[in-house]
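Before any comments, here is the structure.
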Amino acid sequence: MKFCYCYFIFIVIILIKFTNGNSTTAKHVITDYMMMRLDNFNPQDNRMWKMRFMYNSFYYQPGGPIIILVQSRRAISAHWLQSSRVTEIAKELNGTMYFFENRYFGESKPTTDLAIENLKFLSTSQTLADLARFVAAVKSKVAGHLGIIVIGGSYGGIIATWFRQKYPHLVDGVWSSCAPVLMKLNFYKYRETVSEVVKKLGGVDCSSKLKTIFVNLPNAITKDLVKVKRLFGLCDSVDLSNQLNLYKFYDWVTDIFSGMVQSRRLSISPTCKVLANSTDDLIFLSTLFNQTYRGKKQDIPYPCMYCGYTKNIDYLKSTSYQTNNRRQNFYQNCAEIGLFHTTDSENQIFGTLLPVEYYLQMCKNIFGVFNNETLQHYIDHTNTVYGGFNLGATNVFSTQGELDPWRPLGLQSNANENSPVVVVKGMSHCEDLHQIYSWDPIPVKTVKSKALELIKKWLLEVKVTANSNKKKL
């Protein structure tokens with residue numbers, strides 16, 4: 001399962017060096033490191049690790065805000081501090097930007113490997129505590145800044161929202177884009193939303209035909225397995241008569257459409273037009289499969305693909321750090337947040353071959369420490385700690401994309417009078433966090449402008465409070 005995300009969270013800050021190590025610069029973006037505690041909640045554990053971060057103070061002037069961008073569950077990259085909506089905001093407000101890399105992702109490796117005994121230090125509470133230490137260190141070293149603003153998208157939006165909830169004294173305002181703040185084990189509404197968007201953008205006929213294709217695919221596999229393997233380029237050793245292997249194959253195929261809706265919605269209509277003119281459902285689906293995962297057309301030779309369950313489990317059992325971060329991501333899904341994209345609903349077009357039991361089995365087979373009862377307990381605990389839809393924090397601006405599959409678990413209405421929510425018409429996942437484009441739909445442009453207005457309002461409140469405190473002295 002892919003938890004996919006705009007992969008960042010922003011906070012406002014100034015130029016500082018935390019280590020004496022070498023720093024690297026690329027178009028005003030500098031990479032540096034800060035020492036962190038392995039366990040923020042155990043005073044008897046003094047182990048430390050080196051956390052990577054980036055910063056860009058090109059636009060900073062005293063009196064401007066501090067902006068920290070906290071990455072989601074992947075490596076940080078310089079371009080978000082060079083060309084994004086956050087960059088535009090920093091430029092207008094004379095702010096400085098930081099990019100915070102979460103523990104266990106990118107180059108921020110708290111432990112030597114990803115053994116199960118080490119993954120216990122991977123949690124949202126540890127991440128939030130890291131962020132709190134980072135912000136506190138910056139605030140103590142930086143003079144002349146005005147306010148801390150946090151902005152995050154998807155998982156980064158979750159962290160941004162919860163940071164304001166848990167550490168309100170360290171942040172003055174949050175913009176959270178497309179954040180699923182309610183954790184849920186069986187997130188069947190994800191594929192429901194994907195199905196709704198395909199129908200909305202591709203048409204009723206396309207939606208109905210796709211539903212027929214997925215319903216009939218198991219019969220096609222049973223009828224002519226050799227043909228299916230040839231068309232999809234599967235290795236001969238893949239046994240699709242094995243239920244778990246079949247589940248894994250379906251996972252790959254259905255994720256094609258999830259990716260379209262979440263990140264490439266403009267490709268839905270052209271894809272549906274191809275389907276309308278297709279006379280062979282298997283050739284249509286396999287061509288799309290090969291183009292998505294190989295970037296090649298069907299008549300070009302390519303190595304076979306092993307979409308088997310056992311090989312996937314063996315890969316996820318590896319305790320070495322990998323660039324795709326799959327083991328860390330899946331552990332956190334099993335241990336804390338769930339969010340498994342199942343087909344356990346009749347209101348979606350992808351058949352029934354991705355039940356929640358498939359994901360639960362993966363948690364057990366990979367990590368060996370989870371069962372159905374403990375999984376639900378951990379997720380319930382997460383919602384109890386952070387509140388789910390019951391957001392008590394103020395100065396949190398939450399935006400949701402109307403077409404975003406993650407929207408059902410995000411805030412849909414104002415959390416309180418000081419924490420507005422906007423569902424952006426025609427927007428999918430985190431589009432509002434990109435820079436302003438001439439082709440942006442009006443609702444997306446509007447919400448980008450509204451975010452800036454609210455940030456200015458929060459910073460004005462900080463300034464008024466600071467002036468009032470000075471007068472009292």
Side-chain angles (χ1 to χ4, degrees), residues 1-3 5 7 9 33-52 70-75 100-134 155-156 158-159 162-163 165-167 180-181 183-185 312-340 359-388:
M1 191 216 58
K2 305 174 180 67
F3 186 25
Y5 339 119
Y7 303 112
I9 166 184
Y33 298 84
M34 176 179 173
M35 298 305 296
M36 287 288 186
R37 300 184 68 88
L38 176 62
D39 190 343
N40 289 296
F41 308 108
N42 183 0
Q44 298 179 27
D45 190 339
N46 294 317
R47 287 175 292 177
M48 306 292 286
W49 61 280
K50 192 166 65 172
M51 184 205 78
R52 181 173 66 163
V70 181
Q71 179 64 299
S72 184
R73 302 192 296 178
R74 65 185 295 178
F100 173 97
E101 188 169 70
N102 287 325
R103 55 169 57 203
Y104 286 97
F105 298 95
E107 293 184 12
S108 298
K109 302 172 182 178
T111 54
T112 55
D113 62 26
L114 302 174
I116 189 67
E117 60 269 21
N118 290 330
L119 287 175
K120 67 183 179 181
F121 300 109
L122 170 58
S123 67
T124 54
S125 60
Q126 294 284 3
T127 296
L128 289 167
D130 291 341
L131 183 54
R133 290 180 183 275
F134 185 64
Y155 179 80
I158 297 173
I159 297 300
W162 291 351
F163 189 67
Q165 186 96 320
K166 300 295 288 186
Y167 299 94
V181 293
M183 301 301 106
K184 197 171 182 64
L185 178 64
N312 181 56
I313 293 299
D314 289 342
Y315 179 85
L316 290 172
K317 279 184 175 181
S318 172
T319 59
S320 300
Y321 283 93
Q322 305 288 342
T323 55
N324 60 23
N325 305 309
R326 286 183 62 203
R327 179 172 169 85
Q328 303 97 299
N329 274 281
F330 209 83
Y331 173 82
Q332 204 167 10
N333 288 100
C334 296
E336 189 174 19
I337 62 178
L339 304 176
F340 297 116
Y359 298 102
L360 298 178
Q361 188 66 45
M362 287 185 67
C363 290
K364 295 174 188 176
N365 291 156
I366 296 166
F367 303 109
V369 296
F370 299 111
N371 58 52
N372 298 7
E373 184 177 345
T374 56
L375 280 167
Q376 188 60 59
H377 168 77
Y378 296 144
I379 293 166
D380 290 343
H381 178 71
T382 301
N383 288 326
T384 298
V385 170
Y386 299 115

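Note that this is a predicted model, so its numbers are computed, not measured.
- Annotation: the span from N46 atom CG to R37 atom CZ amounts to 5.0 Å, rounded to 0.5 Å.
- Using a 4.5 Å heavy-atom cutoff, the side chains of K50 and M35 are in contact.
- Across all their heavy atoms, S72 and N102 have their closest contact at O-ND2, 3.1 Å.
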**Asked** F340 and F330: ring pair (Phe, Tyr, Trp, His ring centres under 6.0 Å), yes or no, with the steps?
**Response** CA-CA 10 Å; F340 297 116; F330 209 83; 5.8 Å; yes

**Prompt:** Do L131 and Y167 pass the side-chain contact (heavy atoms from CB on, under 4.5 Å) test, and can you show the C-alpha distance, the side-chain angles, and the key distance before you say yes or no?
**Reply:** CA-CA 10 Å; L131 183 54; Y167 299 94; over 6 Å; no

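- By the 6.0 Å contact criterion, NZ on K109 is enclosed, its count of non-hydrogen atoms from other residues, nucleotides or ligands being greater than 12.
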**Asked** Could you walk me through whether R327 and F367 pass the side-chain contact (heavy atoms from CB on, under 4.5 Å) check?
**Response** CA-CA 10 Å; R327 179 172 169 85; F367 303 109; 3.7 Å; yes

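- Of all non-hydrogen atoms in N324 and Y315, the two that sit nearest each other are ND2-OH, 2.9 Å.
- How far CZ of R47 is from OG1 of T111: 9.0 Å, rounded to the nearest 0.5 Å.
- A side-chain donor-acceptor contact under 3.5 Å links T382 to the backbone of Y378.
- Between S108 and W49 the shortest side-chain heavy-atom distance falls below 4.5 Å.
- Looking at heavy atoms from C-beta onward, Y331 lies out of side-chain contact with Y104 at the 4.5 angstrom threshold.
- The shortest side-chain heavy-atom distance between Y386 and L128 falls under the 4.5 Å cut-off.
- Taken to the nearest 0.5 Å, the CD1 atom of I313 stands 12.5 Å off from the NZ atom of K364.
- Annotation: side chain of L122 is in contact with side chain of F105 (closest heavy-atom distance under 4.5 Å).
- Nearest heavy atoms, L185 versus L360: CD1-CD2, 4.0 Å.
- Note that CG of N40 and OG of S125 are 8.5 Å apart. Values are rounded to the nearest 0.5 Å.
- Using a 4.5 Å heavy-atom threshold, the side chains of C334 and F370 count as touching.
- Residues Y155 and Q332 bring a donor and an acceptor atom of their side chains to less than 3.5 Å of each other.
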**From CA spacing to verdict: side-chain contact (heavy atoms from CB on, under 4.5 Å), Q126, D39** = CA-CA 7 Å; Q126 294 284 3; D39 190 343; 3.1 Å; yes

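- Counting heavy atoms of neighbouring residues, nucleotides and ligands inside a 6.0 Å radius, atom CD of E373 does not exceed 12 of them.
- Side-chain contact, R73 with N329: a donor N or O sits under 3.5 Å from an acceptor N or O.
- T112 and Y321 get closest at one heavy-atom pair: O-CE1, 3.8 Å.
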**Message:** Before you tell me yes or no, could you show the steps for R326 and N312 under side-chain hydrogen bond (donor to acceptor under 3.5 Å, both in side chains), namely the whole-Å CA-CA distance, both residues' side-chain angles and the distance that decides it to 0.1 Å?
**Reply:** CA-CA 10 Å; R326 286 183 62 203; N312 181 56; 2.5 Å; yes

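- Heavy atoms only, all atoms of each residue included: L38 and P110 are closest at CD1-CB, 3.7 Å.
- Side chain of D113 to main chain of S320: no donor-acceptor pair is present (N/O by atom type, distance under 3.5 Å, no hydrogens or angles).
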**Stepwise side-chain contact (heavy atoms from CB on, under 4.5 Å) check, I379 with N383** = CA-CA 6 Å; I379 293 166; N383 288 326; 4.2 Å; yes

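- In this structure, F134 CZ and M34 CE are separated by 7.0 Å, a value rounded to the nearest 0.5 Å.
- Neither side chain, N365 nor K317, offers a donor N or O lying under 3.5 Å from an acceptor on the other.
- Looking only at side-chain heavy atoms (C-beta outward), M183 and E336 stay at 4.5 Å or farther from each other.
- Summarising the geometry, atom NE2 belonging to H377 is positioned 11.0 Å from atom CG belonging to N371; distances are rounded to the nearest 0.5 Å.
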